[in-house]
Amino acid sequence: MSQEIVGVAVTFLLTLLLAYPLGRYIAKVFKGDRTWLDFMAPLEKFIFRICGIDATKKMTWKEFLKAMLTINLVWFVYAFFMFLFQAHLPLNPDGNPNMTPDLSFNTAISFMVNCNLQDYSGETGVTYLTQLFVITFLQFVSAATGIACLIGVFNAMKEKTTTNLGNFWAILVKTTTRLLLPISIIIAVLLAFNGAPTSYAGKDTITTLQGDTVQVSRGPAAGMIAIKHLGTNGGGWFGQNSAHPLENPNYFTNMLEMVAQVLIPLAMIFALGFYIRKMKFAWVIFGVMTVGMLALVIPTMITEIHGNPLIAKMGVSQFNGATEGKEVRFGAAASGYWSIVTTIISTGSVNSMHDSSMALSGLMQLLGMLVNAFYGGCGVGILNYYIYIIITVFIAGLMVGRTPEFLGHKVEAREVKIAALVTLLSAFLIKGGTALACYYFVHHPNADWATKPSAWLNNPGYHGFSEMLYQYTSSNANNGSAFAGLNYNNPFWNITTGFAMILGRFLPIIGPVAIAGILAGKKYVPESAGTLRVDSLTFGVTTLAVIIIITALSYFPPLALGPIAEYLSMH
Amino acid sequence: MKRRSSALFPAHLVGAALKQSFVKLKPGVMARNPVMFTVYIGTIIMLAVCIWIKLGATSQGSLAYNVAIFLILFVTLLFANFAEAIAEARGKAQADSLRKTREDTPAKKVFPVGEIYTDEIKIVPSSQLRKGDVFVCEAGDIIPMDGEIIEGLATIDESAITGESAPVIREAGGDKSSVTGGTKVLSDKIRVKVTTDPGESFLDKMIALVEGASRQKTPNEIALTILLASFTLIFLIVCVTLKPFADYANTPITIAAFVSLYVCLIPTTIGGLLSAIGIAGMDRALRANVITKSGKAVETAGDLDTLLLDKTGTITIGNRKATHFWPAEGVEEKAFVEACVLSSLADETPEGKSILELAGATPSSYTLNGAKFIGFTAETRTSGVDVGGVRIRKGAVDAIRTIVTKAGNTIPLATDQKVKEIASNGGTPLAVSEGGRAMGVIELQDIIKPGIQERFQRLRKMGVKTVMVTGDNPLTAKYIAEKAGVDDFIAEAKPEDKMNYIKKEQQGGKLVAMMGDGTNDAPALAQADVGVAMNSGTQAAKEAGNMVDLDNDPTKLIEIVEIGKQLLMTRGTLTTFSIANDVAKYFAIVPALFIASIPALRALNIMGLKSPESAILSAIIFNALIIPALIPLALRGVAYRPIGASALLRRNLTIYGLGGVIVPFIGIKLIDMILALFM
């Protein structure tokens, strides 16, 4: 068992070791310094030319956001129609059908917003064409969108006073060519050598040891598996995601995929430090996020390693920990670590069944998504954290007797309003959605829908409640992992989670970019002894306290009725 | 300076405030405060529930329980209103006591009569005076109205306003031409032109501010209200969604429980105290004898980065003093001191007196026969005495040099050197000659106010930069600046220099405060973020600034900064406290709601509260009681300590954050134990 824990520790340290230089590299790329990938420049110029982009044009925060939203709308329309007509398009060796409009709506949003909630199964629901040219494409650009918006915020923070957030198009393209593409290629090659399929052929037939024959889906999967983690997307090629032996063949690929998904979120923290030349600030952020991560990982790993108390009561030995819903080749510890990493970072890929996790682990996974800023997704993690910073700056600033300031700019009513709105939104989407589902489940169980509400849940009671809560939490956090155990491929879930995903994506991006843009446009106030420093340990601890209090106060009742009630009734 | 301090809750104010607590229940007034307004709605809902039960509803629990909840909510509203009312009453009482001094005083109004300007003076009540009217005051009269002297000079006792018993001189045409209603003329006669109509004086404006009619929310207050409103919305979502969640869990929840949970969770503590805190800030300023023209000015004071302080009166005691005799080469020290004393015997200036003081001489011990004292004139720039045919002169080094050169002598090189040395040490050299021969120099020094260095030290720790403004030459200014410990200085300052300095600082994003009294200070007072005009100053200066200091005390700026910081801190800490309280309230109410249908949640009842009903009652009783418990803190303000921002945050976070988590656990448990005796 200790060997398993060492494996987890090594995985994390390895990620950290790679993330630090990567952060410095990212800062260099966007500062325009020379890097060893400068040979990509002609390709970028070519893209700018054919798209008619003036890459030197400066953008205000409003122009920046307008560009971001416009291109996302284009991607949505493209994806929606591709899914709708995929059966008639090429590269469909298995003859998979078109998506229904509601599923297409949900799936197009899901991949556009970097959520990757999959209400379909990869083997039967999509074709190689849509897997590659819609899903994989969106996995690149949605990750790049998040990173580009964060770089825009970096630009706002870097200068004393500026209205220029940089050129959205240039940042978007550079993020793809200089960061996502090169690293994805390396990961994809490593995956392919370890057994992830890279074939355009359709299903293959194998004979099992028992002598049965089974049809096994294949496809050019390795590339998608690489970007799915690197871009914190999480949507798998196969329905079972990274629990599937072809998507995650062995312990090495498991480690590789865990490193890949944490890499950029960690690197962006250091990039912040290098880019705005406030390394101490970056370390404080890293510290807070890491403490938060450990506070979720440690209880999860302990509870998974100890196994299920109800099974223990029956006198069954669980020397391997809780194994229900887990792959034996990864074990309880690594699966526990993965389940937290994938929820605190908005990846949402799974290598075990979260529905089978212990109640306490389920609580930790939910908390990871509710906070959504302990590292968080590509770019968006720090954007979410930015909102917590603004609220902390405001309350803490008042407590030291000054009008609150963040990096030399006064935080006033308008910024507080935006930050409050973003905070309010998650509470509304998650609890409102779950409440709506509960309402139909209780009061209209036999509504004549594609799936009757009474048939939604595989589990009754607290666990069933957790399943619904998890679905909306995952959608709002743009996480995309599923608790499973919920029949979600029907209009009710497809449409409501679709809206939760799209609102949960764009408002938390628009909010920080707008605040950063407004702040950067204000007069710069030099620091004095009376100014609260945001790069201090005290401020870090205060931020953590604010995160804990806001999350606890917003979500205590539903958590008490779901995982907490389940946990307490098991012990 | 008279400190107007009084008990927090004087009996006569409490009565009025209690009455106001009910008056403020008007929906229009309640709607000004979104947080408390929702409690208001909750209370009405509970009233309806009580009536419903009376009419026969059975699903909502006992009538007594529901009535208890209704009453506690109602009292919560009253407590919040009381907090605001008592703050208003205190501020108003303070301002009233200042205003009372000038009511219904007989005024000698001047009526211009006929073509030829023959004034007629009639006695009218002061309330009949209008802007532009002229009145006359003689020795013994109380000045009936604020105004500006247009003719004459008088000594005035301003103790009614400032508490300072020493009389002051006010005269027409300078920067000290303003007189305040309620003060008393001690000597001479002045003609005064009324500058404000009744009801429009600064005090009247301030009373209106305190009373709420014209009170506008300050920028930080608006931002905080938004944050509190969003917390309120989050908790509204919590409570509304709890209904379907409870339906799923097959748990019936009464309306009383929903309303109680909601009221407990929303930040009623800070919501109820917010306006009281703002009023108390203005009130504290008034207690320091500063009239503020808006709440915003007090708030801005907490953010100040730079203070412009006049040297004289703020940093140094008014006058210079002789500190050293430096005889010239070949002159006996005794002879030199003798010459200095003789030349100063008739010198009535503070400098002259200080020379005698330093020499240890008393004028009466000198009997000079046939001595002729020569006074100071602008032409000679010297003064002195002719005694026994010898002309002793004392004056500026240049003036003495002329005398000495005329007599065919020179000032010795060593003395010239000394002159430069004195200047660079911040002193002023005075040369003395006897019979055309240079005798030596007297060193005069500015005396820095005792304790002022510590105050500047304190300001530096707050992050406030101090700038000394002086008419001295740069060398002297630099010396005094260093000695007093100010961060910067403006030497040989003209009024426009102040203005330029303020603008320069503001361009760098800093907030600047200054104090001034003259008409030529008015533009800079208007430009400064906080401009404090002295009450003795001109009307123009008072109009331009956003505060008026009744004490005319230049060190007042330092106090104003602390009052501003206290105001912001009190808001921040009570917000933190209010939100932190919710943790305990959740642990009281959530298990209470679900314990019947989900027995496992009993484990969450970590306080071991007796029954679901007593848990809910305890939580809302605590929620109500904490408001009056914190009124004293809201009115007094959280003490500011200049220990650096991070240390201050740690301190306040521990007291109000951690304390805010722990206190309600104890409080709710105690209330539950008391309730258990009755239920």
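Letters A, B, ... mirror the listed sequences (proteins, then strands); counts begin at 1.
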Which atom pair, heavy atoms only, marks the closest approach of B:Val638 to B:Gln566? O-CG, 3.3 Å

Residue part contacting chain A, namely of B:Leu304, when any heavy atom lies under 4.5 Å: backbone

Report which part of B:Tyr248 has an atom under 4.5 Å of a heavy atom belonging to chain A: side chain, backbone, both, or neither. both

Name the region of B:Asp305, side chain, backbone, both or neither, that has any atom closer than 4.5 Å to a heavy atom of chain A. side chain

Checking A:Phe465 against chain B: side chain, backbone, both or neither under 4.5 Å from a heavy atom? both

Which atoms of B:Val590 approach chain A - backbone, side chain, both or neither, heavy atom under 4.5 Å: side chain

Please work out whether the ring planes of A:Phe492 and A:Tyr440 are parallel, tilted or perpendicular, with thresholds of 30° and 60°. perpendicular

B:Leu242, part contacting chain A, at a heavy-atom distance under 4.5 Å: side chain

Okay, B:Arg602 and chain A: the region with an atom under 4.5 Å from a heavy atom over there is neither

Among A:Phe394, A:Tyr462, A:Tyr555, the residue with the most heavy-atom pairs under 4.5 Å to chain B is A:Phe394

Does any heavy atom of chain B fall under 4.5 Å from the side chain of A:Ile549, the backbone, both, or neither of them? side chain

Heavy-atom pairs under 4.5 Å with chain A: which of B:Ile237, B:Ile226, B:Asp303 has the most? B:Asp303

Chain B contact via A:Ile390 - which portion, at a heavy-atom distance below 4.5 Å: neither

Would you say A:Thr497's side chain and A:Ala500's backbone share a donor-acceptor pair under 3.5 angstrom? no

Do the ring planes of B:Phe231 and B:Phe235 sit parallel (below 30°), tilted (30 to 60°) or perpendicular (above 60°)? parallel

Looking at B:Thr232, B:Val238, B:Leu233, which one forms a side-chain contact (heavy atoms from CB on, under 4.5 Å) with B:Leu236? B:Leu233

Check the pair A:Lys278, A:Leu407 against side-chain contact (heavy atoms from CB on, under 4.5 Å), reporting the backbone distance first and the verdict last. CA-CA 10 Å; A:Lys278 284 191 171 31; A:Leu407 299 180; 3.6 Å; yes

Highest number of heavy-atom pairs under 4.5 Å with chain A: which of B:Asn652, B:Leu261, B:Asn250, B:Ile589? B:Asn652

Answer with side chain, backbone, both or neither: which region of A:Val400 has an atom nearer than 4.5 Å to a non-hydrogen atom of chain B? both

Sort B:Phe594 into side chain, backbone, both or neither according to what part of it lies under 4.5 angstrom from a heavy atom of chain A. side chain

Quick check: closest heavy atoms across A:Leu398 and B:Gly572, and the distance to 0.1 Å? CB-CA, 3.6 Å

Please classify the contact between B:Tyr656 and chain A as side chain, backbone, both or neither, with a heavy-atom cut-off of under 4.5 Å. neither

Tell me which of these, B:Leu649, B:Val661, B:Ile222, B:Thr573, has more heavy-atom pairs under 4.5 Å with chain A than the rest. B:Leu649

Okay, B:Leu224 and chain A: the region with an atom under 4.5 Å from a heavy atom over there is both

Are any of the side-chain heavy atoms of A:Ile387 and A:Pro508 separated by less than 4.5 Å? no

Chain A shares the most heavy-atom pairs under 4.5 Å, among B:Ala580, B:Gly564, B:Gly509, with B:Gly509

Where on A:Phe428 is there a heavy atom nearer than 4.5 Å to chain B: the side chain, the backbone, both, or neither? both

Pick whichever of A:Lys160, A:Glu566, A:His443, A:Glu412 has the most heavy-atom pairs under 4.5 Å with chain B. A:His443

Residue B:Val583 versus chain A: region with a heavy atom under 4.5 Å: both

Pairs of heavy atoms under 4.5 Å with chain B: top-ranked of A:His571, A:Lys410, A:Met399: A:Met399

For each of B:Lys585, B:Lys510, B:Arg650, B:Lys465, tally heavy-atom pairs with chain A at distances under 4.5 Å, and name the one with the top tally. B:Arg650

Is any side-chain N of the basic residue among A:Glu415 and A:Lys522 closer than 4.0 Å to the acidic one's carboxylate O? yes

Is it the backbone or the side chain of A:Thr403 that comes under 4.5 Å from a heavy atom of chain B, or both, or neither? both

Under the side-chain contact (heavy atoms from CB on, under 4.5 Å) criterion, do A:Ile391 and A:Thr543 qualify, and how do the steps go? CA-CA 9 Å; A:Ile391 292 176; A:Thr543 314; over 6 Å; no

For residues A:Leu424 and B:Ser230, report the shortest heavy-atom separation together with the two atoms involved. CD1-O, 3.3 Å

Measure from the ring center of A:Trp456 to the ring center of A:Tyr488 and say whether it is less than 6.0 Å. no

Is chain B contacted by the side chain of A:Thr161, its backbone, both, or neither, given a heavy-atom distance below 4.5 Å? neither

Apply the test side-chain contact (heavy atoms from CB on, under 4.5 Å) to residues B:Val486 and B:Val467: give CA-CA distance (whole Å), side-chain angles for both, the deciding distance (0.1 Å), then the verdict. CA-CA 6 Å; B:Val486 294; B:Val467 181; over 6 Å; no

A:Pro445, part contacting chain B, at a heavy-atom distance under 4.5 Å: neither

Report which part of A:Ala552 has an atom under 4.5 Å of a heavy atom belonging to chain B: side chain, backbone, both, or neither. backbone

Taking the six-membered ring for Trp, are A:Phe406 and A:Tyr386 closer than 6.0 Å centroid to centroid? yes

Of all of A:Pro526, A:Ala427, A:Pro404, which one pairs up most often with chain B through heavy atoms under 4.5 Å apart? A:Pro526

Just say parallel, tilted or perpendicular for the rings of B:Phe665 and B:Phe587, cut-offs at 30° and 60°. tilted

Can you find a pair of side-chain heavy atoms, one from A:Glu405 and one from A:Val411, that are under 4.5 Å apart? no

Sole candidate of B:Asn623, B:Asp582, B:Ile579 that passes side-chain contact (heavy atoms from CB on, under 4.5 Å) when paired with B:Leu265: B:Asp582

Proximity breakdown for A:Met468 and chain B, heavy-atom pairs closer than 4.5 Å: side chain

